[in-house]
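Accompanying notes for the structure given below.
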Amino acid sequence: MSVILFIAGVLFMVLAVGLSIALHEIGHLVPAKLFKLRVPQYMIGFGKTLVSFKRGETQYGIKALPLGGYISMVGMYPPRPETDDEQPAKKPSLFQKVFGQMVDDARSQANENVLPSDEGRLFYQLPVYKRVIIMLGGPLMNLVIGFVVIAVVLTSFGQATPTTTVSEVYQCIASAENANKTECTDKDVPAPAYEAGLRPGDTITAVNGNAVEQGEWNKLTDVIRVNPGQSITLEYQRDGQSHTTKLTPYLTDRPATDDNGYVQTDDQGNYIMTKVGFVGMSSLQQDLTQPLSAVPGVIGDQLLTIGNVILHLPQRMVDVAQAAFGDGQRDPNGPVSIVGVGRIAGEISAEDSISVADKFATLLSLVGGLNLALFAFNLIPLLPLDGGHVVGALYDGIKRLFARVFNLKNIKPVDTVKLLPLTYVVVVAMLVMGGLLIYADIFKPIQLF
């Protein structure tokens, strides 16, 4: 049964990824057609075409390798500038010798589908804002998908939230800081919470006279963390009876947390420590539904995390390589390939300790997070990513603006095909990173359970 559930989880994620890619390309396709740009192909995958059909000017199809998708748009690059026969020919540079033919071939291939009727509505001839809208359409589609999916999870299934119910109380500071220490000695400092009479199952209702509602555990911990050595009054309920007690937080080094109570780590995945007040008790976690207004904050936090991974991608890939070929463990917050995402989905689906509802919510969260990652990654300002085309269009707009201001004539459009050598470098780097991640996800996967 576990094998079947594992396969079901993998298939769910494969379908979700395929749908996300398809919708990403629709995000490009719809504005392109609205702006009268001819789109000869809309394809999901690469390689040999498995199935296709034609509607209007566009051929729609699915290819053999489900590693992405694309739409082809006519006139992505301007034609090769005409040479002046009266001017003496310049000796080509080494760069031109090596890459000139490559650039010419790419330009010819991109423009081979251009028809006389396309004149005036080629991609490079469109106004800058239209080109930007077309290229941002795909990433924005992924952002919308991520928002919708995460909103469904938060408002329908809830988010793991620290409640005001106490789940564990440590007898001494040593046992609270060392999970392997099960017994306390006379030399250990008593934990303030245990010494104050708090026990698992108690529900905190107020701190220093201020009410604490269910799900506001952070409101309590904020007071504890900033008041080491100061007496704090807690009100709590046990078996329906109200009680009041006093405790004094102990000053100690504890992992720093963000606004949502999640532990913060540095670029290497190590806990960021800070000196705060500590009482030696923990909260019972429950899935609590969130209002729609909480969705932007959650998405913002995820995008910040994804952005941090992208900004430090070289170091992250070094960490992956060291873990893959060494004895280290993979960072659970580090990058993964589509193989890794599928494997995680399968393990979650096959885990017996997780309820069906929690499994489905977790899989949906994976889909939402994946789309946010696609949104952020495609905004990287390098070709062949969408962000690279956006930068090219904006640069063209700046050139035209300067031409109008200074009354310059014969301004040529920005020819992004000249960046093809750099594009190939980016593509090779992406292939190497993808191969390394796939290898790591097969032979040294992230351990969830």
Side-chain angles (χ1 to χ4, degrees), residues 159-266 268-288 328-329 331-333 351 353-354 447-449:
Q159 182 182 35
T161 306
T163 67
T164 53
T165 299
V166 179
S167 64
E168 192 168 10
V169 179
Y170 298 95
Q171 294 188 31
C172 59
I173 296 296
S175 64
E177 295 180 340
N178 185 356
N180 297 322
K181 185 178 180 64
T182 57
E183 295 183 1
C184 299
T185 67
D186 294 339
K187 296 181 180 180
D188 294 323
V189 178
Y194 187 86
E195 197 173 35
L198 292 168
R199 298 294 181 267
D202 293 345
T203 299
I204 309 299
T205 58
V207 53
N208 285 342
N210 297 315
V212 178
E213 302 295 335
Q214 192 67 281
E216 293 184 339
W217 179 261
N218 291 342
K219 187 175 180 180
L220 166 65
T221 56
D222 286 345
V223 175
I224 293 173
R225 294 170 71 89
V226 300
N227 285 286
Q230 303 295 320
S231 178
I232 293 175
T233 301
L234 295 183
E235 298 175 29
Y236 63 96
Q237 284 193 343
R238 178 186 298 169
D239 299 328
Q241 300 294 320
S242 297
H243 303 272
T244 300
T245 188
K246 290 182 180 290
L247 50 76
T248 302
Y250 179 81
L251 180 63
T252 186
D253 289 324
R254 301 299 298 168
T257 58
D258 58 21
D259 293 338
N260 295 316
Y262 295 108
V263 174
Q264 294 180 313
T265 58
D266 59 22
Q268 286 71 44
N270 301 315
Y271 290 144
I272 298 175
M273 305 301 291
T274 182
K275 288 188 177 295
V276 295
F278 179 69
V279 298
M281 66 178 178
S282 57
S283 164
L284 179 67
Q285 299 267 340
Q286 286 185 348
D287 290 333
L288 300 179
Q329 295 296 318
D331 179 4
N333 296 317
E351 179 59 37
S353 63
I354 303 177
Q447 300 295 327
L448 295 181
F449 306 104

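Please read these numbers as outputs of a predicted model, since none were measured by experiment. Atoms considered below: every heavy atom in the structure, side chains included; atoms not considered: hydrogens, waters and symmetry mates.
Side-chain atoms of T163 come within 3.5 Å of backbone N or O of L284 as a donor-acceptor pair. Panel note: side chain Q230, backbone P249; no donor-acceptor pair is recorded below 3.5 Å.
When the side chain to side chain donor-acceptor pair (under 3.5 Å) test is applied to S353, the partners found at least two apart in sequence or on another chain are E351. Partners of K275 by salt bridge (charged side-chain N to carboxylate O under 4.0 Å, His left out), not counting sequence neighbours, listed by chain and number: D253. The side-chain contact (heavy atoms from CB on, under 4.5 Å) check on V189 picks up I173, Y250, with sequence neighbours excluded.
Residue pairs meeting the ring-ring contact (aromatic ring centres under 6.0 Å, His included) criterion with at least one partner in residues 197-221, sequence neighbours excluded, are absent. Every pair tested for salt bridge (charged side-chain N to carboxylate O under 4.0 Å, His left out) that includes a residue from residues 159-170 fails, sequence neighbours excluded, so the list is empty. Listed by first and then second residue, the side chain to side chain donor-acceptor pair (under 3.5 Å) pairs involving residues 278-288 are S167-S282 (not counting sequence neighbours).
Taking 4.5 Å as the limit, every side-chain heavy atom of L234 sits out of range of all side-chain heavy atoms of V212.
Residues L247 and A193 come closest through the heavy atom pair CD2-CA, 4.1 Å. Nearest heavy atom pair, residue G280 against residue A191, reads CA-CB, 4.4 Å. For the residue pair Y170 and Y194, the shortest heavy atom distance occurs at O-CB, 3.2 Å. Between T245 and A196, the shortest heavy-atom contact is OG1-O, 2.7 Å.
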Side-chain donor-acceptor pairs under 3.5 Å in residues 237-244, sequence neighbours left out?
{"from": "R238", "atom 1": "NE", "to": "D202", "atom 2": "OD1", "distance (Å)": "2.8"}
{"from": "R238", "atom 1": "NH2", "to": "G197", "atom 2": "O", "distance (Å)": "2.7"}
{"from": "R238", "atom 1": "NH2", "to": "D202", "atom 2": "OD2", "distance (Å)": "2.8"}

Side-chain donor-acceptor pairs of residues 203-211 under 3.5 Å, sequence neighbours excluded:
{"from": "T203", "atom 1": "OG1", "to": "T165", "atom 2": "OG1", "distance (Å)": "3.3"}
{"from": "T205", "atom 1": "OG1", "to": "E235", "atom 2": "O", "distance (Å)": "3.1"}
{"from": "N208", "atom 1": "OD1", "to": "T233", "atom 2": "N", "distance (Å)": "3.0"}

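Distance CD/Q171 to CG/D188: 10.0 Å, rounded to 0.5 Å. Rounded to the nearest 0.5 Å, atoms OG1 (T221) and CD1 (I224) are 6.5 Å apart.
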Legend entry - Check against side-chain contact (heavy atoms from CB on, under 4.5 Å), R225 and F278: CA-CA 6 Å; R225 294 170 71 89; F278 179 69; over 6 Å; no
